Each structure stands twice: as C-alpha cells, then as structure tokens.
Amino acid sequence: QLQLVESGGGLVQTGDSLSLSCVASGTIYSSYMMGWFRQAPGKEREFVAGVTWRNNRKYYSDSVKGRFTVSRVAAVNTVYLEMNALKPEDTAVYYCAANPAGTAVMSENNYHFWGQGTQVTVSS
C-alpha cells in the first residue's frame, strides 16, 4: 500500500510561482508513473503532469506545458510540481497519484493511489 501526502499549496497572484511536494510512504516500484492531477470547482479532475519512476520521462498537459515542471527524487520518495507563471485558471485542488502499471498516463482510472489534495488559488 502506498500513502501519498501533498503539501505546498496556497494563495498566490497571477504570474507568481508555487512548488508542490508529494511524499510517498511505502514502495514506489520502477514500473510506476507518478502523476499530478487537479480539479477545479464544478469541473472534472484532469491530468496535469507525470513522471516515470524508472527513467524520469515526463509528460504534461497542453495547458501547463512550458510553465510547470514535474520532477522526482527517488532517494526521498518525493515528487515535485514546480508551477510558474500561474494563471487564475490554474486554481484547483491538486492531487498526487500513483499509477502502478505506468500506462495510459493521462487517465485517472489507472492511478490506484491518491493523496488528499492541496488547494492552489491564483488571484487575478
């Protein structure tokens, strides 16, 4: 069983930066994809970014590409999401999640372990 705990959310202004962390308790196997999702009020949860545990391959949604950077430090079982040039439309609860098979990386159905989420609010 894998437990995920996010931190780093908060209230920022348009154009600011924010960094999220996700610490995992348990074993992250080399097959895993670690992902970040977000859910804005009244909207479905959507994929934001992901990184493969084995070879550090990264994936991004079009809406954040070039502004967000996902990374991982295997030694401390931690995944990060560095968010730059934040916009009001980035406002959402951000979730860290683990996909054991590492396939269909943008589909939340393949992510079996989830954190509790951390709120990010970007004011205009």
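Nothing here was measured: the structure is a model prediction, and the numbers come from that model.
Rounding to the nearest 0.5 angstrom, the gap separating the NZ atom in Lys87 from the OG atom in Ser124 is 14.0 Å. Separation of atoms OG1 (Thr91) and NZ (Lys43) is listed at 10.0 Å; rounding is to 0.5 Å. Considering OH of Tyr59 and NZ of Lys65, their distance stands at 11.5 Å, rounded to 0.5 Å.
The nearest pair of heavy atoms linking Ala85 to Ser17 is N-OG, 4.4 Å. The minimum heavy-atom distance between Ala24 and Leu4, with the atom names listed, is CB-CD2, 3.6 Å. Considering every non-hydrogen atom in both Arg72 and Thr52, the closest pair reads NE-O, 3.8 Å.
Between Glu82 and Ser19, the side chains place a donor N or O and an acceptor N or O closer than 3.5 Å (distance only, hydrogens not considered). For the 3.5 Å distance criterion, the side chains of Gln119 and Thr121 qualify, holding a donor opposite an acceptor.
Within 6.0 Å of atom CD in Gln3, 12 or fewer heavy atoms from other residues, nucleotides or ligands are found, so the atom counts as exposed in its surroundings.
Under the 4.5 Å side-chain criterion, counting only non-hydrogen atoms from C-beta, Tyr111 is in contact with Val105. Between Val70 and Trp36, the closest side-chain pair of non-hydrogen atoms falls below 4.5 Å. With contacts defined as side-chain heavy-atom distances shorter than 4.5 Å, the pair Lys58/Ser71 qualifies. The side-chain heavy atoms of Leu20 and Glu6, taken from C-beta on, include no pair separated by under 4.5 Å. Counting only heavy atoms from C-beta outward, the side chains of Pro88 and Thr14 approach each other to under 4.5 Å. Side-chain contact check for Leu2 versus Tyr29: every heavy-atom pair is 4.5 Å or farther apart.
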Evaluation steps, ring-ring contact (aromatic ring centres under 6.0 Å, His included), between Tyr60 and Phe47: CA-CA 8 Å; Tyr60 298 96; Phe47 173 82; 8.4 Å; no

- request: List the steps, then state whether side chain to side chain contact (heavy atoms under 4.5 Å, CB included) holds for Val79 with Val51.
  value: CA-CA 8 Å; Val79 184; Val51 58; 4.1 Å; yes

Side chain to side chain contact (heavy atoms under 4.5 Å, CB included) between Glu108 and Phe37, intermediate numbers included: CA-CA 8 Å; Glu108 65 174 286; Phe37 287 76; 3.7 Å; yes

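Transitive grouping of hydrophobic side chains (ILVMFWY, heavy atoms separated by less than 4.5 Å) brings Val12 and Phe68 into a common cluster. In the hydrophobic clustering of ILVMFWY residues, with side-chain heavy atoms under 4.5 Å counting as a link, Met83 and Val23 come out apart. Trp53 and Leu81 fall within the same hydrophobic cluster, defined by Ile, Leu, Val, Met, Phe, Trp and Tyr side-chain heavy atoms under 4.5 Å apart, directly or through other members.
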Would you tabulate the side-chain donor-acceptor contacts of residues 92-104 under 3.5 Å, counting partners in other chains and residues two or more places apart, or write 'none'?
| residue | atom | partner | partner atom | Å |
| --- | --- | --- | --- | --- |
| Tyr94 | OH | Arg38 | NH1 | 2.9 |
| Tyr94 | OH | Asp90 | O | 2.6 |
| Asn99 | OD1 | Ala101 | N | 3.2 |
| Asn99 | OD1 | Gly102 | N | 2.9 |
| Asn99 | ND2 | Thr103 | O | 2.8 |
| Thr103 | OG1 | Asn110 | ND2 | 3.4 |

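Using modelled atom types, one side-chain atom of Thr78 and one backbone atom of Val76 make a donor-acceptor pair closer than 3.5 Å.
Remark: of the listed residues Leu11, Val120, Val122, Val120 is the sole one forming a side-chain contact (heavy atoms from CB on, under 4.5 Å) with Leu18.
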